[in-house]
Chemist: 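I have a structure I would like to understand better, so I am pasting it below and will then ask my questions one at a time.
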Amino acid sequence: MAEIHGTYDPRFSKVAETLADSLDGDDVGACAAVHVGDEPVVDIWGGHLDEARSLPWQRDTITSVWSTTKTMTALCALILADRGDLDLDAPVARYWPEFAAAGKHDVLVRHLLGHTAGLPDWDEPTTLADMYAWSPATSRLAAQTPRWEPGTAAGYHSLTYGFLIGEVVRRLTGRSLGTFFAEEVAGPLGADFHIGVPAEHDHRVAPLLAAPDGDKPEGFAVGVSDANTAAWRRDGNPAVGGFGNARSVGVVQSVLASGGTYRGVRLLSAAGCERALEEQFHGEDRLLGTPIRWGLGYRVEGRTCSWGGWGGSLVLVDLDLRMTVSYVMNQILWEDGYSRGLAIVMAAYDGVAAGSQHRQNG
């Protein structure tokens with residue numbers, strides 16, 4: 001069985017067993033964390049950085065988490081809304097006047113967060129180099145006509161999401177999304193998550209390992225090889241460019257689970273946390289081709305909000321149990337990649353049930 005490092009409450013031993021099983025299977029290097037409120041009850045890691053399995057995954061290893069980044073970007077918007085600085089029911093054009101072009105004067109900020117704005121991609125072919133040029137990329141989105149009436153349908157905004165919300169944040173605060181996140185979220189929380197990785201952290205980054213079936217799905221502008229470059233790390237794409245580990249993902253998203261406060265640092269009110277659950281769409285997502293319930297920046301199921309990253313990483317917040325579960329790995333899998341993280345989530349729920357049973361028996 002793979003060796004697991006770190007610490008965990010005995011109630012959550014199944015999480016460690018599940019991570020070990022995963023590392024004995026498809027995973028190469030990975031980490032998992034569980035927080036209950038603002039208390040870390042699982043903080044574990046294991047495996048290696050490389051396919052040759054010669055370099056061990058360390059406590060402070062970080063890696064690309066792809067679209068798990070979207071939960072960080074959404075949280076920034078929720079924080080600004082909770083402060084009264086950003087009105088989620090206001091037209092995007094209030095903050096970004098050029099966005100009103102092509103009939104988008106009635107597109108609301110909440111449409112951006114809920115993937116219902118009708119701008120799931122750029123109309124013209126877009127390369128990685130195009131995405132590195134922020135102002136031209138956002139200007140092109142501002143000039144586009146929505147592909148459906150905003151607010152009436154959903155279509156996952158896989159790459160445009162970060163540009164749309166990021167530009168609103170930039171217009172409002174004068175800071176990039178990555179800078180706002182670093183100064184207002186990660187910094188105060190002491191979270192080792194980066195939307196734009198400074199060069200001094202490069203030595204800690206685990207390269208992503210491509211899936212057996214290729215570097216990227218057909219038609220997608222970004223591949224695993226791109227995410228392993230210094231240019232990608234510096235860019236800080238607010239939709240898919242974040243780097244961290246399970247611990248740091250869990251620390252940040254635990255703010256929602258613990259009523260807006262983590263270890264004495266308050267980022268949201270309790271009501272502000274609840275806004276993540278506000279339904280924006282319930283039905284079949286046009287791009288994902290599957291039924292989904294979108295909240296404000298998260299997938300919502302009951303009293304949980306969650307999302308994951310391309311290839312396998314994920315985070316889930318259960319507001320009733322005040323629990324946050326996170327999983328990050330370096331081995332990308334396109335087919336059934338999320339089964340690894342979902343197994344961690346189910347093991348965490350087993351831990352909660354075991355704790356409840358122990359209290360009843362006690």
Side-chain angles (χ1 to χ4, degrees), residues 62-74 76-77 92 95-96 98-99 101 112-113 115 117 119-144 156-183 185-186 193-211 214-244 287 297 307 309-311 313 330 332:
I62 58 175
T63 194
S64 168
V65 301
W66 292 115
S67 283
T68 299
T69 309
K70 289 183 174 70
T71 66
M72 309 299 172
T73 293
C76 289
V92 174
Y95 309 101
W96 180 3
E98 301 91 326
F99 190 84
L112 305 184
L113 284 161
H115 299 274
L119 299 168
D121 204 349
W122 289 269
D123 286 343
E124 300 298 325
T126 300
T127 66
L128 181 59
D130 293 329
M131 288 191 288
Y132 285 156
W134 182 269
S135 292
T138 54
S139 294
R140 287 168 58 201
L141 289 171
Q144 280 187 204
Y156 184 50
H157 289 41
S158 60
L159 294 175
T160 59
Y161 186 92
F163 289 91
L164 293 166
I165 297 172
E167 184 64 7
V168 171
V169 170
R170 190 185 74 83
R171 296 292 181 110
L172 182 63
T173 69
R175 290 176 280 180
S176 70
L177 193 288
T179 299
F180 179 88
F181 176 82
E183 295 177 350
V185 181
F193 194 96
H194 310 269
I195 304 176
V197 180
E200 60 263 31
H201 299 301
D202 279 353
H203 69 284
R204 301 194 289 116
V205 175
L208 293 181
L209 306 176
D215 183 65
K216 60 185 176 183
E218 184 179 352
F220 209 68
V222 184
V224 170
S225 57
D226 299 312
N228 290 336
T229 64
W232 180 262
R233 292 192 293 274
R234 303 292 174 268
D235 182 63
N237 184 302
V240 293
F243 284 71
L287 274 292
W307 198 239
W310 203 37
S313 68
N330 60 351
I332 296 296

Chemist: Go through S225 and N228 one step at a time and tell me if the side chain to side chain donor-acceptor pair (under 3.5 Å) criterion holds.
Modeler: CA-CA 5 Å; S225 57; N228 290 336; over 6 Å; no

Chemist: Any heavy-atom pair between the side chains of P238 and I165 that's under 4.5 Å?
Modeler: no

Chemist: Could you please spell out the steps behind the side-chain contact (heavy atoms from CB on, under 4.5 Å) verdict for V240 and T69?
Modeler: CA-CA 6 Å; V240 293; T69 309; 5.6 Å; no

Chemist: How long is the span from the OG1 atom in T229 to the CG atom in D235, to the nearest 0.5 Å?
Modeler: 9.0 Å

Chemist: How far does CG of D215 sit from CD1 of I332, to the nearest 0.5 angstrom?
Modeler: 10.0 Å

Chemist: On a heavy-atom basis, which atom in A142 and which in A101 lie closest, and how many Å separate them?
Modeler: O-CB, 3.6 Å

Chemist: So which atom in W66 and which in G223 form the shortest heavy-atom distance, rounded to 0.1 Å?
Modeler: CH2-O, 3.7 Å

Chemist: For a side-chain contact (heavy atoms from CB on, under 4.5 Å) check, start with the C-alpha distance between R170 and W134, then their side-chain angles and the critical distance, and finish with the verdict.
Modeler: CA-CA 11 Å; R170 190 185 74 83; W134 182 269; 3.9 Å; yes

Chemist: Does the plane of the ring in H115 sit parallel, tilted or perpendicular to the ring in Y156? Use 30° and 60° as the thresholds.
Modeler: tilted

Chemist: Is there side-chain contact between L164 and W96, with at least one heavy-atom pair below 4.5 Å?
Modeler: yes

Chemist: Supply the atom-to-atom distance W307 CH2 to M72 CE, rounded to the nearest 0.5 angstrom.
Modeler: 15.0 Å

Chemist: Would you call D202 and R234 a side-chain contact if the rule is heavy atoms closer than 4.5 Å?
Modeler: yes

Chemist: Identify whether the distance between the nearest side-chain nitrogen and carboxylate oxygen of R140 and E124 falls below 4.0 Å.
Modeler: no

Chemist: Minimum heavy-atom separation for V205 to R233, with atom names?
Modeler: CG2-CD, 4.0 Å

Chemist: Check the pair S158, L287 against side-chain contact (heavy atoms from CB on, under 4.5 Å), reporting the backbone distance first and the verdict last.
Modeler: CA-CA 9 Å; S158 60; L287 274 292; over 6 Å; no

Chemist: Give me the atom names and distance for the closest heavy-atom approach of L113 to A74.
Modeler: CD2-CA, 4.0 Å

Chemist: Measuring from atom OH of Y95 to atom CZ of R171, what distance do you get when rounded to the nearest 0.5 angstrom?
Modeler: 13.5 Å

Chemist: How many angstroms lie between CG in D226 and CE in M131, if you round to the nearest 0.5 Å?
Modeler: 8.0 Å

Chemist: Out of curiosity, I62 CD1 to H194 NE2, how far, rounded to the nearest 0.5 Å?
Modeler: 4.5 Å

Chemist: Is a side-chain donor or acceptor of E98 paired with a backbone partner of S139 at a separation under 3.5 angstrom?
Modeler: no

Chemist: Taking the side chain as every heavy atom from C-beta outward, state whether L119 and F99 have any atom pair closer than 4.5 Å.
Modeler: yes

Chemist: Please work out whether the ring planes of W310 and F220 are parallel, tilted or perpendicular, with thresholds of 30° and 60°.
Modeler: tilted

Chemist: With no hydrogens and no angle check, just 3.5 Å: does a side-chain donor-acceptor pair link Y161 and S67?
Modeler: no

Chemist: Looking at every heavy atom in both F181 and F193, which two are closest together, and how far apart are they?
Modeler: CE2-O, 3.5 Å

Chemist: Is any side-chain heavy atom of L159 less than 4.5 Å from a side-chain heavy atom of D121?
Modeler: no

Chemist: Using the six-membered ring wherever Trp is involved, compare the ring planes of F163 and W122 and label them parallel, tilted or perpendicular (cut-offs 30° and 60°).
Modeler: perpendicular

Chemist: Look only at the side chain of T73 and the backbone of G162, and say whether a donor-acceptor pair between them is shorter than 3.5 Å.
Modeler: no

